[in-house]
Amino acid sequence: MQPKNLKRLLRALGRQGLDVTYSDRTYSVRLANSLDAPVAEVLLPEDFPVEAKALKQLANLASVRHPSGGCVCRACATPDFHPGDAGVAIGSVVETVGQVIPSAVGSDINCGMRLHVADLTIEEFLTKRDQFVERMKGDYFFGTRDVTMTAQAMRALFQYGVPGWLDAMLDRPTGSVVKSDLQQLTEESERIFLGGSMNGNWKLAPEELVSDVGLVRDGGLATIGGGNHFVEVQRVDKVENRTLAHAWGVREGQLAFMIHSGSRNVGKYIGGMWRDKAKAAWQKNLKYPDSQIFPLSTSSHPELVASYLQAEATAANYGFVNRLLLAELLRLRLREVYKDVEAPLVYDLPHNITLPQIEDVETSYTMSLQSKIQNRSTERSRSPKSKIDKWVTRKGACPAYAGQPVIIPGSMGDYSYLMVGRGNPAFCNSASHGAGRLRSRFDLNRRGASESEAELGLTGVDCITLREERRIEEAPAAYKPIQSVIDVQVAAGMVDVVARLSPVLTFKA
DNA sequence: ATGTGC
């Protein structure tokens with residue numbers, strides 16, 4: 001099925017020097033009259049046409065070229081692709097050489113997913129559901145959470161992410177974390193992508209990167225955030241790959257907790273600041289690109305690129321700890337209400353982040369990817385000649401390297417999936433970060449209120465929120481059915497299913 | 001994405 005406006009769109013892209021062909025659910029974008037490989041591939045689920053605006057945004061992104069050198073070597077879009085409001089579509093992945101593009105990550109730096117399982121049946125859970133929900137509402141909505149910490153811990157959090165923050169906490173535990181098993185948290189950091197740390201060769205202090213937003217006035221730590229962010233209680237509904245599920249500690253019938261959140265105001269601050277800085281760094285005598293997407297060049301402005309990557313890392317580190325604390329609060333309340341229930345981490349991974357490009361994809365899901373990147377960073381700092389200057393930037397797309405766990409949520413009325421990456425380089429070793437929006441929030445707000453619960457897909461959905469409009473905006477009818485998005489990615493060799501999870505109740509801020 | 005805004 002092709003979109004109605006495809007011809008018009010192709011003409012518009014043709015005027016920009018781009019050819020688009022459509023075959024087997026994939027749109028291939030090429031430079032006109034060129035025999036080069038496509039600059040962008042877009043994979044779409046069956047029966048869902050591409051949005052012209054999103055395709056235009058991807059073509060723009062794939063064409064970003066810093067005049068001082070720098071290019072895009074590959075771009076693609078995952079099947080939850082939809083237009084973004086900063087000129088970059090959600091579901092875009094871009095591989096660059098000689099340049100990094102701050103707005104290709106955007107403001108929601110290290111937005112990502114986290115999954116825990118717990119040895120508790122749904123029946124046991126439901127017996128004390130109300131008591132549990134009241135405690136979580138306190139923590140997530142009414143500010144009863146206690147995440148106070150020393151200035152030293154806060155600094156370590158920004159600079160070194162989970163491991164550095166844990167060291168500071170082991171030194172002097174504060175707040176809710178006092179009741180946590182810090183040793184368990186340390187061991188679990190191996191199940192976080194990159195070990196929960198984007199530490200590089202720090203040249204700037206956190207104060208210079210996050211200003212007083214994070215260091216002094218931050219009140220966002222351990223909060224869910226708005227939009228599509230959530231914390232959901234689920235049930236492991238069906239295991240498809242017994243070997244991997246067993247290795248990852250996942251069994252049918254277990255209760256599960258899925259978290260979707262990011263770096264809150266810290267990412268917003270840093271993302272916005274660097275979108276502006278990249279624009280300000282554009283050569284004064286040159287016209288702005290029509291796309292308004294501004295890259296930073298590693299050859300002409302290496303110090304600016306380094307500062308940006310450090311700033312992004314600072315927000316990313318905050319995002320890792322934010323998800324950890326959201327989970328830790330849940331784990332604490334679970335122990336209080338249900339006694340001695342363990343809820344181990346399955347995996348935590350970002351879907352909005354810039355990473356050095358990894359050539360081979362033999363990465364297991366544990367620390368090997370982290371050590372590869374760190375080894376590269378060490379090489380880089382030791383020998384300027386072997387400088388890595390190839391980057392992959394994902395905005396609303398998961399890394400899906402071979403053997404690595406991937407978490408793909410559906411709407412609050414649909415299944416979510418624990419997957420394993422297969423490392424498909426044609427799709428930049430990536431996978432979708434969700435089902436993808438089908439109807440805008442505006443549309444849902446305007447018309448949704450007049451639609452029935454059944455029409456909105458809300459029948460049987462247990463959504464815990466203080467805002468009725470959020471329940472409508474995020475209703476299952478706002479999203480594509482997850483199955484089609486999963487199927488097309490399995491068929492394309494990007495991921496395989498490990499387990500299917502069904503929703504029990506969803507917290508939405 | 002953002003204690004939002006058509």
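Chain letters run A, B, ... following the sequence lines, proteins first, then strands; residues in each count from 1. For clarity, every value in this text was computed on a predicted model and none was experimentally measured. Worth knowing before you read on, the calculation uses all heavy atoms, side chains too, and leaves out hydrogens, waters and symmetry mates.
Within the structure, ring-ring contact (aromatic ring centres under 6.0 Å, His included) pairs that include any residue of residues 422-443 of chain A comprise A:His351-A:His433 (at least two apart or interchain).
Side-chain atoms of A:Gln489 and A:Ser432 include a donor-acceptor pair closer than 3.5 Å. A:Asp389 and A:Thr298 share a side-chain donor-acceptor pair at under 3.5 Å.
Regarding A:Leu444, its CG atom lies at a distance of 14 Å from the C1' atom of B:dC6, rounded to whole Å. For the pair A:Glu473 CD and B:dT2 P, the computed distance is 12 Å after rounding to whole Å. Atom C1' of nucleotide B:dT4 and atom CD1 of A:Ile472 are separated by 17 Å, given to the nearest angstrom. Atom CD of A:Glu474 and atom P of B:dT2 are 11 Å apart (whole Å). When the P atom of B:dG3 is taken as reference, atom NE2 of A:His229 falls 11 Å away, rounded to whole Å.
Considering only side-chain N and O atoms, A:Asn445 lies nowhere under 4.0 angstrom from the phosphate OP1 or OP2 of B:dT4. Put simply, A:Arg467 has no side-chain N or O that comes within less than 4.0 Å of OP1 or OP2 on B:dG3. The phosphate of B:dT4 has neither OP1 nor OP2 within less than 4.0 Å of any side-chain N or O from A:Arg441.
Side chain of A:Phe442, nearest nucleotide from B:dC6, B:dT2, B:dT4: B:dC6. Minimum atom distance to the side chain of A:Lys268 is reached by B:dT2, of the listed B:dT4, B:dT2, B:dC6.
Base contact: A:Asp85 has a heavy atom under 4.0 Å from a base atom. Within 4.0 Å (heavy atoms only), A:Gly225 reaches sugar-phosphate atoms of the nucleic acid but no base atom. Among the protein residues, A:Gly226 comes within range of the sugar-phosphate backbone only, with heavy atoms under 4.0 Å from sugar or phosphate atoms but none that close to a base. Across all strands shown, A:Glu469 has no heavy atoms under 4.0 Å from either base or sugar-phosphate atoms.
By the 6.0 Å and 45° rule, A:Arg437 stacks over the aromatic ring of A:Tyr479. Cation-pi geometry between A:Arg191 and A:Tyr347 is not met: the NZ or CZ atom fails to fall both under 6.0 Å from the ring centre and inside 45° of the normal.
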